[in-house]
Undergrad: 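The structure's right below; bear with me while I get my questions together.
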Amino acid sequence: MEQRKHCLITGGSRGIGAATAYRFAKAGYKVTFFYRADDESAEYTRSKIHDITYDVLAYKVDVRDLDAVESAVFEAVYAFGPVDVLVSNAGVSKIELFTKTTPSEWNRIMDTNIGGLFNVVHTILPSMISRHSGNIVTVSSMWGVSGASCEVCYSTSKAAVIGFTKALAREVGPSNIRVNCVAPGVIDTEMNTVLDDETRKALCDETPLCRIGSAEEVADAVFYLADDTSSFITGQVLGVNGGYIT
């Protein structure tokens, strides 16, 4: 019998992360997800996945803390075996003028969005290299591709995620490890609840598909990049934005 694969997702308690965790569970994966603070959402997601498979673990981990990441990964690997697929999804954002951005806010976003990516990949990658097998999918944003007014810090961090993805894909390709990125557009998640109805309508009007995307649609794109059907794809950025940017 073929050994079931293990997928680890950061920022997995809600939104895109939760939808991704559920998508991999439906495909037969053992699922581990990290979350930072929302115990209620984490338990809801864990119980929803538990309806499909008993093989689900949730760890409360701040991805900015390398020691905490290493400890949780060690426990997850002990329980489920090596991580076959890593989805680095944890991220934070802030809409404000750049001139209003404080150094502490800048550091908070950078430490989470790119520092957290470093921590989880740095922890998990050596095992993938030793096994000559693995998939890493990062989550950027369309604003990491094009930049967004009043989101300079967020856009910068997400552009860094894309650069990280492309460079690492070249480095670890000879070890049979693929590294790809999804860059979502406006998605119906909690992160975008700050948008008022007028702004949401305007974004829909500017999107060729005339609507906002769903977390499940992004999760499907993540799964595609991690699946064997995309076995000759690495170092790429897949836009899931309804045509907002091309």
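Only this structure's heavy atoms are used, side chains among them; waters, hydrogens and symmetry mates stay out.
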Undergrad: Starting from Met142, can I reach Phe164 by hopping between I/L/V/M/F/W/Y residues whose side chains sit under 4.5 Å apart?
TA: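 No, it is not one cluster - the side chains of Phe164 and Met142 are not joined through contacts under 4.5 Å.
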Undergrad: Taking the six-membered ring for Trp, are Phe33 and Tyr35 parallel (under 30°), tilted (30 to 60°) or perpendicular (over 60°)?
TA: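 It falls in the tilted class, 30° to 60°.
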Undergrad: Evaluate the side-chain proximity of Cys7 to Thr32: yes if any heavy-atom separation is below 4.5 Å, no if none is.
TA: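 A side-chain contact is absent here, since even the closest heavy-atom pair is not under 4.5 Å.
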Undergrad: Run Phe80 and Leu57 through side chain to side chain contact (heavy atoms under 4.5 Å, CB included) and show every step you take.
TA: CA-CA 9 Å; Phe80 289 164; Leu57 293 170; 3.6 Å; yes
Undergrad: Find out if a path of hydrophobic residues (ILVMFWY) with successive side-chain heavy-atom gaps under 4.5 Å connects Val61 to Val77.
TA: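 Yes, it is one cluster - the side chains of Val61 and Val77 are joined through contacts under 4.5 Å.
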Undergrad: A side-chain contact here means heavy atoms from C-beta on lying under 4.5 Å apart; do Thr20 and Val218 qualify?
TA: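 No, too far: nothing below the 4.5 Å cut-off.
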Undergrad: Backbone N or O of Tyr244 within a donor-acceptor pair of the Asn241 side chain at under 3.5 Å?
TA: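 Yes: the side chain of Asn241 pairs with the backbone of Tyr244.
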Undergrad: If hydrophobic clusters are built by linking Ile, Leu, Val, Met, Phe, Trp and Tyr wherever their side-chain heavy atoms come under 4.5 Å apart, do Val145 and Leu117 end up in the same one?
TA: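 Looking at the clustering, Leu117 is in a separate group from Val145.
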Undergrad: Which residue in the set Ile49, Leu8, Val85 passes side-chain contact (heavy atoms from CB on, under 4.5 Å) when paired with Tyr29?
TA: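 Of the listed residues Ile49, Leu8, Val85, the side-chain contact (heavy atoms from CB on, under 4.5 Å) partner of Tyr29 is Val85.
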Undergrad: So that I can tick it off, tell me whether Arg23 and Glu217 are bridged by a salt bridge, with the cut-off set at under 4.0 angstrom between side-chain N and carboxylate O.
TA: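 Judged by the 4.0 Å cut-off on N to carboxylate O distance, Glu217 and Arg23 do not form a salt bridge.
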Undergrad: What is the minimum heavy-atom distance between Ser140 and Pro184, and which atoms define it?
TA: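 Scanning both residues completely, I find the closest heavy atoms to be O-CD, 3.4 Å.
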Undergrad: Can you tell which of Lys30, Arg4, Lys26 makes a side-chain hydrogen bond (donor to acceptor under 3.5 Å, both in side chains) with Thr53?
TA: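 Exactly one candidate clears the test, Arg4.
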Undergrad: Apply side chain to side chain contact (heavy atoms under 4.5 Å, CB included) to the pair Leu86 and Val137, showing each step before the final yes or no.
TA: CA-CA 6 Å; Leu86 168 64; Val137 182; over 6 Å; no
Undergrad: Show your working on side chain to side chain contact (heavy atoms under 4.5 Å, CB included) between Met110 and Cys153 and close with a plain yes or no.
TA: CA-CA 8 Å; Met110 291 297 175; Cys153 184; 4.3 Å; yes
Undergrad: Is the side chain of Thr207 donor-acceptor paired with the backbone N or O of Cys210 at a distance under 3.5 Å, no angle test?
TA: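 Not confirmed, Thr207 side chain does not pair with Cys210 backbone.
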Undergrad: Check whether Ser146 reaches the backbone of Trp143 with its side chain - one donor and one acceptor, N or O, closer than 3.5 Å.
TA: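 Answer holds: no.
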Undergrad: How long is the straight-line distance from OH of Tyr224 back to OG1 of Thr229, given to the nearest 0.5 Å?
TA: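 OH of Tyr224 is found 5.5 Å from OG1 of Thr229.
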Undergrad: Taking C-beta and beyond as the side chain, do Cys204 and Ile212 meet within less than 4.5 Å on heavy atoms?
TA: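 The answer is yes; the side chains approach within 4.5 Å.
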Undergrad: Using 0.5 Å steps for rounding, measure from the CZ atom of Phe98 to the OG atom of Ser155.
TA: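 Rounded to the nearest 0.5 Å, the CZ-OG separation comes out at 12.0 Å.
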Undergrad: Do we see a donor-acceptor contact under 3.5 Å between the side chains of Thr101 and Glu96?
TA: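 Side-chain D/A pair, Thr101 to Glu96: present.
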Undergrad: Quick check for you: to the nearest 0.5 Å, what is the distance between Glu216 atom CD and Ile187 atom CD1?
TA: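 That separation rounds to 10.0 Å.
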Undergrad: If only atom types and distance count, is the side chain of Gln236 paired as donor or acceptor with the main-chain N or O of Thr234 below 3.5 Å?
TA: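 Checked: pair present.
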Undergrad: So does Arg36 have more than 12 non-hydrogen atoms from other groups sitting under 6.0 Å from CZ?
TA: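 It does not: Arg36 CZ has 12 such atoms or fewer within range.
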Undergrad: Answer yes or no for Lys60 and Phe34: cation-pi contact, defined as NZ/CZ to six-membered ring centre under 6.0 Å and angle to ring axis within 45°.
TA: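 That pair does not qualify as a cation-pi contact.
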Undergrad: From Ile233 CD1 over to Asn135 CG, what is the distance, rounded to the nearest 0.5 angstrom?
TA: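 So the CD1 of Ile233 and the CG of Asn135 are separated by 10.5 Å.
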Undergrad: Check whether any side-chain heavy atom of Arg170 lies under 4.5 Å from a side-chain heavy atom of Val179, and answer yes or no.
TA: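 Sidechains of Val179 and Arg170: no contact.
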Undergrad: Are any side-chain N or O atoms of Ser127 and backbone N or O atoms of Pro82, one a donor and one an acceptor, separated by less than 3.5 Å?
TA: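 No: the side chain of Ser127 does not pair with the backbone of Pro82.
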Undergrad: State, to 0.1 Å, how close Val237 and Ala183 come at their nearest heavy-atom pair, and which atoms those are.
TA: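 Closest approach of Val237 to Ala183, heavy atoms only: CG1-CB, 3.8 Å.
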Undergrad: Say whether, by atom type as modelled, one donor and one acceptor occur between the side chain of His6 and the main chain of Asp84 under 3.5 angstrom.
TA: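 Flag not set: sc His6 to bb Asp84 has no pair under 3.5 Å.
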Undergrad: Is any side-chain heavy atom of Val121 less than 4.5 Å from a side-chain heavy atom of Ile136?
TA: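 In contact.
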Undergrad: Do you know the tightest heavy-atom contact between Thr112 and Val63?
TA: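 Looking at all heavy atoms of both residues, the shortest contact is O-CG2, 4.1 Å.
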Undergrad: For the residue pair Thr10 and Val87, establish whether any side-chain heavy-atom pair is separated by less than 4.5 Å.
TA: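 Not touching, per the 4.5 Å side-chain cut-off.
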Undergrad: Give, for atom SG of Cys181 and atom NZ of Lys166, the distance between the pair rounded to the nearest 0.5 Å.
TA: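 It is 8.5 Å, given to the nearest 0.5 Å.
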Undergrad: Just so I know, are the side chains of Lys94 and Ile109 near enough to count as touching, which here means a heavy-atom distance under 4.5 Å?
TA: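 Yes. Closest side-chain heavy atoms under 4.5 Å.
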Undergrad: What closest approach, in Å, do Leu238 and Ala221 show between heavy atoms, and which atom pair accounts for it?
TA: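 So the minimum-distance heavy-atom pair works out to CD2-CB, 3.8 Å.
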Undergrad: Verify, without hydrogens or angle tests, whether Asn89 (side chain) and Gly11 (backbone) share a donor-acceptor contact under 3.5 angstrom.
TA: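 Present.
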Undergrad: How many angstroms lie between CZ in Phe24 and CZ in Phe223, if you round to the nearest 0.5 Å?
TA: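 Result: 6.0 Å between the selected atoms.
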Undergrad: Looking only at atom types and distance, does a side-chain atom of Asp188 sit under 3.5 Å from a main-chain N or O of Ser214, one as donor and one as acceptor?
TA: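 A pair under 3.5 Å: no.
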Undergrad: Are Arg108 and Arg64 side-chain neighbours, meaning at least one heavy-atom pair lies under 4.5 Å?
TA: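 A side-chain contact exists here, since the closest heavy-atom pair is under 4.5 Å.
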Undergrad: Check step by step if side chain to side chain contact (heavy atoms under 4.5 Å, CB included) holds for Thr102 and Asn107.
TA: CA-CA 9 Å; Thr102 64; Asn107 290 335; over 6 Å; no
Undergrad: Starting from Val120, can I reach Ile129 by hopping between I/L/V/M/F/W/Y residues whose side chains sit under 4.5 Å apart?
TA: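 Yes.
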Undergrad: Show the nearest heavy-atom pair for residues Val222 and Val182, with the distance to one decimal.
TA: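 Minimum heavy-atom separation between Val222 and Val182: CG2-CG2, 3.8 Å.
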Undergrad: Keeping Ser230 on the side-chain end and Leu225 on the backbone end, is there a donor-acceptor pair under 3.5 Å?
TA: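 Indeed, once roles are kept as given, a pair shorter than 3.5 Å links the two residues.
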Undergrad: Would you say Ser88 and Thr138 are linked by a side-chain donor-acceptor pair, where the criterion is simply a distance under 3.5 Å?
TA: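 Thr138 vs Ser88: no donor-acceptor pair found between side chains.
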Undergrad: Any idea which heavy atoms bring Ala25 and Ile52 closest together, and the distance?
TA: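 It is O-CG2, 3.8 Å.
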Undergrad: Kindly work out whether a path of hydrophobic side-chain contacts (I/L/V/M/F/W/Y, heavy atoms less than 4.5 Å apart) joins Ile9 to Val83.
TA: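 No, Ile9 and Val83 fall in different hydrophobic clusters.
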